[in-house]
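Everything below concerns the one structure shown next.
Only heavy atoms go into these numbers, but all of them, side chains included; no hydrogens, no water, no symmetry mates. Below, chain A is the first sequence line, B the second, and so on; all start at residue 1.
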Amino acid sequence: MTATTEFTPQPPSEPMSATSTAAGTTAAAVPDQHGGELPVLHPAVNLWFTAHARDLPWRRPEAGPWGVMVSEFMLQQTPVARVLPVYEQWLARWPRPADLAAEPSGEAVRAWGRLGYPRRALRLHGAATAITERHGGDVPSEHAQLLSLPGIGEYTAAAVASFAYGQRHAVLDTNVRRVIARAVTGVEYPPNATTAAERRLARALLPEDTETAARWAASSMELGALVCTAKNPACGRCPISAQCAWLRAGKPPHEGPARRTQTYAGTDRQVRGRLLAVLREAVTPVPQRELDAVWHEPVQRARALDGLVSDGLVEPLAGGVYRLPQS
DNA sequence: TATCCGTGGAG
DNA sequence: TCTCCAAGGAT
C-alpha cells in the first residue's frame, strides 16, 4: 500500500459541507482526516432501508451464516432474480456446510446450473469442506478466517462478517462504491479497480456504532441496487439527494475511457459454457464426440476443455470420456 | 494490475 | 440487434 494519491472530496469550487452556504444542504457533515468534511449519510439511508429493503431470503434470520455465505457466492456478478431459485434449492439440499462437503464437488457444479462462473460452485464446495474440517462445521465469524476460505475475498469476507454476524466492516461492493463515488466524490462512476482512497473513504463513512454500521452496509448496498443504479439513477427517490455531490454538480458524465466492454461471442468462455452445459445435464460420462458437437473450431474447443479440466470443473476418464468431478 | 472467468435480462 | 452490466475472486 504505497498509494500516494489522497482522496479529494471534491474540487474547491464545489461546496459540500453543511457549513457551506449551499442551499439544500441541511444534513450534518463531519471533518475528515484531510481537512475537508464528509457528509453523514447513514441516518437517511438506514431510515430509507427500513421502508424499502427487499425481503430476500438470505436476509431473514433463519438464513443463518451459511445462508448468507451461500448467497454471497451466488451473487458475485450475478443478479438477484437469477440467484433466488438456485439459492432455495441449494439450502434445501445442503442446509449446513458439512452437507455440501459430504458430496462430490461435481454435484455443486451441477446444482449451480446456469448461474455462470461455475468456478464459484467449486470454491463454495471447497469453502464448505474447509469449514467442516477447520471450523467444526460453523461458518467462521472472523474476517481473517473468512478471507482464508476459497472464493472469499475482501468484499465477501466483510459482507459475511457484517450481514451474518453484525460486525462493523466497510463492505465495498460495486453498489456501495457507486453510491460513494456519486454522493461523496461527485463523480458518476468509481474507478475500475478498488483503490486505497476508496477504502479509506468507506471506513471514514462507517458509523461508530456496530449495529448502525452493519445496517449501513446493507442499506448503502441496497440503495445502489435500487436507486443509485449504474444507468438511470432514480435521484428523485434518493434519500440523500440533498447531500449528493454528483447531483449538486449537475450530474457530470463519466470522464476518461469507457469501461472495456467484455465480448462473449466466440470466446473461450462461451465454449467452456457450452461444454459444461452438456456435462451438467449428463447422468453418465460423456464421450468426446458429444463434446465436439458444441463447437466447430477444434483448437479452441480443445483449449476450452483443457481449461475446464485444469480448473477442476471437468474430470477426464480413460478412453476420451468426461464427467463432472467426483472428488 | 490487467485479464480471465458465464449467463441472460433490460433498454 | 446490440450494448451494458449484475452483491468478485484469483492470478
Side-chain angles (χ1 to χ4, degrees), chain A residues 1-3 53-54 56-59 63 67-87 109 112-124 126-127 146-164 169-179 188-196 198 202 217-226 228-233 254 257-280 294 303-304 306-308 310-314:
Chain A
M1 298 303 119
T2 56
R54 289 167 292 178
L56 300 171
W58 44 86
R59 285 181 178 161
V68 171
M69 185 176 139
V70 169
S71 76
E72 291 302 333
F73 271 76
M74 292 183 173
L75 288 164
Q76 288 168 6
Q77 301 289 284
T78 306
V80 166
R82 211 178 322 153
V83 165
L84 284 169
V86 182
Y87 171 87
V109 174
W112 198 255
R114 306 191 68 80
L115 279 185
Y117 293 146
R119 292 192 290 194
R120 292 181 292 165
L122 225 45
R123 292 170 185 156
L124 181 50
L146 289 163
L147 200 53
S148 76
L149 297 172
I152 294 192
E154 182 182 345
Y155 160 75
T156 303
V160 173
S162 181
F163 300 156
H169 292 281
V171 180
L172 255 192
D173 80 319
T174 185
N175 290 306
V176 177
R177 293 181 64 214
R178 190 172 53 247
V179 168
E188 186 176 18
Y189 297 120
N192 279 339
T194 306
T195 63
E198 285 183 277
S219 69
S220 55
M221 194 174 304
E222 190 78 335
L223 186 67
L226 299 183
C228 193
T229 51
K231 280 188 296 183
N232 297 105
H254 178 69
R259 209 178 167 75
R260 219 167 68 86
T261 169
Q262 52 167 352
T263 55
Y264 180 65
T267 62
D268 285 8
R269 294 157 81 171
Q270 184 181 22
V271 185
R272 287 166 58 107
R274 289 193 181 183
L275 291 170
L276 206 55
V278 171
L279 292 163
R280 273 198 311 265
V294 307
R303 182 173 66 239
D306 283 349
L308 288 170
S310 67
D311 284 348
L313 284 163
V314 172

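A distance of about 15 Å separates the P atoms of C/dA7 and B/dG11, rounded to the whole Å. Rounded to the nearest Å, the gap between the P atom of B/dG6 and that of C/dT11 is 14 Å.
Set against B/dT7, C/dA7, C/dC5, the side chain of A/Arg114 has B/dT7 as its closest nucleotide. Set against B/dG6, C/dA7, C/dG9, the side chain of A/Gln76 has C/dG9 as its closest nucleotide. The listed nucleotides are C/dA7, B/dG8, C/dC4; the one nearest the side chain of A/Thr261 is C/dC4. Of the candidate nucleotides C/dA7, B/dT7, C/dC5, B/dT7 has the atom nearest to the side chain of A/Arg280.
Note on A/Gln77: every side-chain N or O is 4.0 Å or more away from OP1 and OP2 of C/dA6. OP1 or OP2 of C/dA7 has not a single side-chain nitrogen or oxygen of A/Ser71 nearer than 4.0 Å.
In this structure, CG of A/Asp311 is placed 14 Å from P of B/dC4, rounded to the nearest angstrom. For the pair A/Arg303 CZ and B/dC4 P, the computed distance is 11 Å after rounding to whole Å. Counting to the nearest Å, the P atom of B/dT7 and the CZ atom of A/Arg119 are 12 Å from each other. Straight-line distance from the CG atom of A/Asp306 to the C1' atom of B/dC5: 16 Å, rounded to whole Å. For the pair A/Leu276 CG and B/dG8 C1', the computed distance is 17 Å after rounding to whole Å. Going from atom CZ of A/Arg123 over to atom P of B/dC5 covers 12 Å, rounded to whole Å. Rounded to an integer number of Å, the gap from A/Glu198 CD to C/dG8 C1' is 14 Å. Atom C1' of nucleotide B/dT7 and atom CZ of A/Phe73 are separated by 19 Å, given to the nearest angstrom.
If you check every strand for non-hydrogen atoms under 4.0 Å, A/Arg178 touches sugar and phosphate atoms only. Residue A/Gly116 is in base contact, counting any heavy-atom pair closer than 4.0 Å across all strands shown. Residue contacts for A/Ala193: at a heavy-atom cut-off of 4.0 Å it reaches no nucleic acid atom on any strand shown. At a threshold of 4.0 angstrom between heavy atoms, the contacts of A/Trp58 include nucleobase atoms, whether or not backbone atoms are also involved. Residue contacts for A/Ile152: at a heavy-atom cut-off of 4.0 Å it reaches the sugar-phosphate backbone alone, with no base atom in range. Counting any heavy atom pair closer than 4.0 Å across all strands shown, A/Leu56 reaches a base atom.
Distance CG/A/Asp173 to OG/A/Ser220: 7.5 Å, rounded to 0.5 Å. We find the CZ-CG distance between A/Phe73 and A/Leu149 to be 7.0 Å, quoted to the nearest 0.5 Å.
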**Asked** Under the side chain to side chain contact (heavy atoms under 4.5 Å, CB included) criterion, do A/Val314 and A/Leu275 qualify, and how do the steps go?
**Response** CA-CA 9 Å; A/Val314 172; A/Leu275 291 170; over 6 Å; no
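The shortest distance between side-chain heavy atoms of A/Leu122 and A/Leu313 falls below 4.5 Å. Between A/Cys228 and A/Asn175 there is no side-chain heavy-atom pair separated by less than 4.5 Å. Here the side chains of A/Val86 and A/Trp112 are not in contact, with every heavy-atom distance at 4.5 Å or above.
Checking A/Asn232 against A/Leu313, the closest nucleotide of DNA chain B that is more toward the 5' end is the one next to A/Leu313. Of the residues near DNA chain C, A/Thr229 and A/Leu149, the one whose nearest nucleotide (by heavy atom distance) lies more toward the 5' end is A/Thr229.
Here side-chain hydrogen bond (donor to acceptor under 3.5 Å, both in side chains) pairs that include residues 69-79 of chain A, with residues two or more places apart or in two chains, are A/Glu72-A/Tyr155, A/Gln76-A/Thr156, A/Thr78-A/Arg120.
Taking every heavy atom of residues 263-275 of chain A and every atom of DNA chain B, pairs under 4.0 Å involve A/Tyr264, A/Asp268, A/Arg269, A/Arg272, A/Gly273, by number.
In this structure, the side chain of A/Arg303 does not engage the main chain of A/Asp268 through any donor-acceptor pair within 3.5 Å.
Residue A/Thr78 places a side-chain atom within donor-acceptor reach of the base of B/dG6, judged by atom type and a 3.5 Å distance cut-off alone.
Under the side chain to side chain donor-acceptor pair (under 3.5 Å) criterion, A/Ser219 pairs with A/Asn46, not counting sequence neighbours.
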